[in-house]
Amino acid sequence: MASLALISSSLNLGFRSLHHNPHRSRPLLKSQPLAPHLNSSRSKYPHSNNLNLLSKKPLSLSVKPKSRPNFTVRASASASASVPAPVPAPPPPAPAPAPWTGAAIKPLIASIATGVILWFVPVPAGVSRNAWQLLSIFLATIVGIITQPLPLGAVALMGLGASVLTKTLTFSAAFSAFGDPIPWLIALAFFFARGFIKTGLGNRIAYQFVSLFGSSSLGLGYSLVFSEALLAPAIPSVSARAGGIFLPLVKSLCVACGSNVGDGTEHKLGSWLMLTCFQTSVISSSMFLTAMAANPLSANLTFNTINQTIGWTDWAKAAIVPGLVSLVVVPLLLYVIYPPTVKSSPDAPKLAREKLEKMGPMSKNEIIMAGTLLLTVGLWIFGGMLNVDAVTAAILGLSVLLITGVVTWKECLAEAVAWDTLTWFAALIAMAGYLNKYGLISWFSQTVVKFVGGLGLSWQASFGILVLLYFYSHYFFASGAAHIGAMFTAFLSVASALGTPPYLGAMVLSFLSNLMGGLTHYGIGSAPVFYGANYVPLAKWWGYGFLMSVVNILIWLGVGGVWWKAIGLW
């Protein structure tokens with residue numbers, strides 16, 4: 001009873017405090033009645049109404065407003081023992097760290113280390129300090145482009161930034177190649193490709209090819225290879241030929257056959273077809289004097305060095321046999337070592353014809369796109385007589401597409417690959433060009449000449465060494481024309497001095513000046529275009545590029561050597 005009295009007293013006092021609070025605005029909620037033994041005591045307490053009001057809350061809850069006095073009820077030891085101690089809640093898990101979105105660290109370190117180590121290597125005699133510093137930055141950039149710690153454009157821009165920061169190049173020199181027509185011609189090729197795809201003209205042409213040759217991937221590839229070779233003598237820009245005409249067509253064929261970038265279907269057809277069309281573009285460029293813009297430069301330097309002229313017919317006659325063998329062997333070899341997963345599709349021609357029927361007649365935009373293409377290609381072929389160069393013809397063609405709305409400027413801006421390619425290709429052209437201006441290439445040529453000349457070998461062996469050095473030094477060049485201008489005369493002079501028939505030496509170096517473009521993704525105008533389609537990873541691009549270079553050298557010096565002997569070149 002004493003305990004009950006204490007509880008009742010406590011409740012009575014506490015409830016009185018609440019009852020007399022004039023500022024309490026929130027109404028008290030209803031709940032379950034109090035225990036019966038408390039309700040039966042209601043008449044004993046004058047404030048039983050308070051109990052009625054608060055009977056809705058369990059007795060064990062205590063309401064402690066700031067104005068209420070604190071009361072402590074001491075429980076017995078047995079009661080406290082029956083209540084387990086509260087278990088502390090586990091700490092919340094630490095938030096996961098945000099993923100790193102910057103550069104890949106190991107490739108970045110490898111790239112920087114390459115440049116730093118070479119920077120502090122003693123400068124060889126005959127080489128200026130500026131040339132050696134630029135070489136170290138150039139090689140660091142190449143390593144970065146191979147390992148890709150960042151996108152290619154970002155790596156190249158960092159290379160230019162390092163050149164300017166170290167005072168190796170002035171700002172205007174570092175960015176001088178952004179005024180070069182070749183990078184812009186390549187970017188314009190991507191815009192043309194957008195028009196092909198958007199209008200459906202590319203799909204229409206692709207379905208026509210599939211309907212004729214699509215029963216096998218190999219047949220489809222050969223149809224493209226020899227079509228490009230037939231156009232080669234008429235279109236002197238490999239960038240325009242590969243990028244403006246064949247890249248959109250190849251892309252459309254890949255999409256039509258269900259081979260897309262980024263969804264795991266690249267190997268269905270696209271990887272093999274892109275690499276095949278690129279590698280054969282350098283072969284077709286080597287087959288005709290007018291198939292590549294730098295070929296006339298080789299002919300001109302030949303005349304200045306050995307006082308002999310290479311005519312169009314002479315060039316084609318010497319190149320036709322090894323060229324045709326390469327055009328047959330290279331696609332087949334790539335088909336074996338880097339095969340498409342879809343090799344045979346007997347139903348493809350029928351499906352392609354059904355697609356063509358469903359597409360119906362050509363739309364207005366397709367007609368405009370086709371007419372623009374004919375205009376641009378016509379200017380590429382006959383532009384020399386009209387004094388219109390290739391990039392001007394491409395700009396004119398793009399202007400027609402923009403004015404007619406076939407392609408919009410927003411779509412051009414959205415072609416991220418085009419702008420990325422423009423950036424890194426222009427950067428490499430600038431650095432490679434200044435390596436030549438600073439005299440590094442001249443020093444390299446003279447060093448090679450002294451080395452090979454001092455070996456006392458036969459002219460065939462000496463010429464073979466010169467050929468390999470000339471060919472694989474192209475890793476340091478982003479342009480066939482730059483390589484020819486820097487090294488052609490020196491190597492032809494040495495070869496002639498060592499006993500190589502001068503006209504044969506000139507022919508071989510001229511052919512190799514095209515074939516060596518297949519080594520990298522920047523070595524010739526068609527390389528950035530096809531690589532930029534993103535069907536082939538960079539490591540595979542370089543690996544198969546080296547392998548195809550060996551194959552081409554064996555064909556051109558082996559089969560070609562026999563043919564040249566037959567026609568009297570040596």
Side-chain angles (χ1 to χ4, degrees), residues 225 229 232 238 275-276 278-288 291-292 294-295 298 302 310 315 318-338 444-445 448 451-452 455 457-477 480 483-484 487-488 490-492 494-495 498 500-501 503-524 526-527 540-567 569-570:
V225 166
V238 66
L275 196 57
T276 295
F278 164 63
Q279 287 293 338
T280 52
S281 74
V282 303
I283 297 170
S284 60
S285 295
S286 66
M287 292 175 67
F288 306 99
M292 209 268 272
N295 286 347
S298 299
T302 297
I310 302 177
W315 185 303
I320 192 67
V321 170
L324 288 175
V325 173
S326 284
L327 289 178
V328 172
V329 170
V330 166
L332 184 60
L333 182 59
L334 286 173
Y335 188 80
V336 173
I337 63 177
Y338 193 50
F444 174 76
S445 300
V448 169
F451 170 74
V452 176
L455 294 178
L457 302 174
S458 65
W459 73 264
Q460 292 91 342
S462 298
F463 187 57
I465 294 173
L466 288 173
V467 160
L468 294 177
L469 290 171
Y470 182 80
F471 193 101
Y472 289 106
S473 63
H474 195 62
Y475 281 111
F476 298 99
F477 290 90
H483 193 157
I484 293 167
M487 301 180 71
F488 187 94
F491 273 71
L492 179 56
V494 175
L498 294 175
T500 304
Y503 198 66
L504 173 67
M507 284 285 197
V508 172
L509 292 178
S510 298
F511 301 150
L512 295 180
S513 297
N514 291 277
L515 295 173
M516 63 193 181
L519 286 171
T520 65
H521 63 300
Y522 57 81
I524 199 170
S526 57
K540 290 185 180 294
W541 192 275
W542 278 52
Y544 287 117
F546 177 79
L547 182 59
M548 291 303 104
S549 74
V550 174
V551 172
N552 278 324
I553 288 174
L554 291 175
I555 291 173
W556 283 75
L557 295 185
V559 175
V562 174
W563 171 244
W564 299 328
K565 181 70 172 177
I567 62 176
L569 286 185
W570 61 284

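Just so you know, these numbers use all the heavy atoms, side chains as well, and skip hydrogens, waters and symmetry mates.
Judged purely by atom type and a 3.5 angstrom limit, S286 uses its side chain to pair as donor or acceptor with the backbone of I283. Of the possible polar contacts, one joining the W570 side chain to the G561 backbone as a donor-acceptor pair under 3.5 Å is found. With hydrogens and angles disregarded, no donor-acceptor distance shorter than 3.5 Å links the side chain of Y338 to the backbone of L333. Judged by distance alone, with hydrogens and angles left aside, the side-chain atoms of Q279 form a donor-acceptor pair with the main-chain N or O of G518 at under 3.5 Å. A donor-acceptor pair under 3.5 Å is absent between the side-chain atoms of W315 and the main chain of F511, judged by distance alone.
The two residues T280 and P331 make their nearest non-hydrogen contact at CG2-CG, 3.9 Å. Nearest heavy atom pair, residue S281 against residue V238, reads O-CG2, 4.2 Å. Among all heavy-atom pairs drawn from S513 and F488, the shortest one is OG-CD1, 4.4 Å. Across all non-hydrogen atoms, the minimal contact from A527 to G523 is CB-N, 4.2 Å.
If you take OG on S326 and CH2 on W556, they are separated by 6.0 Å, rounding to the nearest 0.5 Å. Atoms OG and CG, from S510 and L515 in turn, are 11.0 Å apart once rounded to the nearest 0.5 Å. How far OG1 of T302 is from CD1 of I310: 3.5 Å, rounded to the nearest 0.5 Å. Taking CG of L334 as the reference point, atom CG of L547 lies at 8.0 Å (rounded to 0.5 Å). The CG atom of N514 sits 11.5 Å away from atom CZ of F288, with the distance rounded to the nearest 0.5 Å. Summarising the geometry, atom CG belonging to L509 is positioned 9.5 Å from atom CD1 belonging to I484; distances are rounded to the nearest 0.5 Å.
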- Task: List the steps and the verdict of side chain to side chain contact (heavy atoms under 4.5 Å, CB included) for T500 and V508.
- Result: CA-CA 11 Å; T500 304; V508 172; over 6 Å; no
- Task: Let me see the working for L327 and M287 under side chain to side chain contact (heavy atoms under 4.5 Å, CB included), right down to the final yes or no.
- Result: CA-CA 11 Å; L327 289 178; M287 292 175 67; 3.8 Å; yes
- Item | V321 and V562: CA distance, side-chain angles, deciding distance, side chain to side chain contact (heavy atoms under 4.5 Å, CB included) verdict | CA-CA 10 Å; V321 170; V562 174; over 6 Å; no
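In this structure, the side chains of F463 and L498 stay at 4.5 Å or more apart for every pair of heavy atoms. Looking at heavy atoms from C-beta onward, L457 lies in side-chain contact with I465 at the 4.5 angstrom threshold. Looking at M548 and V282, their side chains never come closer than 4.5 Å, going by heavy atoms from C-beta outward. Contact annotation: the side chain of Y544 never approaches that of F278 to less than 4.5 Å [non-hydrogen atoms, C-beta and beyond].
Residues passing the ring pair (Phe, Tyr, Trp, His ring centres under 6.0 Å) test with H483, sequence neighbours excluded: Y470, H474, F477. W563 pairs by the ring pair (Phe, Tyr, Trp, His ring centres under 6.0 Å) definition with nothing, not counting sequence neighbours.
Y475 and W542 have their aromatic ring centers within a separation under 6.0 angstrom.
Put simply, the residue from V325, V328, L324, V550 that forms a side-chain contact (heavy atoms from CB on, under 4.5 Å) with I555 is V325.
Judged as a side-chain hydrogen bond (donor to acceptor under 3.5 Å, both in side chains), not a single pair has a partner in residues 327-336 (not counting sequence neighbours).
Counting heavy atoms of neighbouring residues, nucleotides and ligands inside a 6.0 Å radius, atom OH of Y472 exceeds 12 of them.
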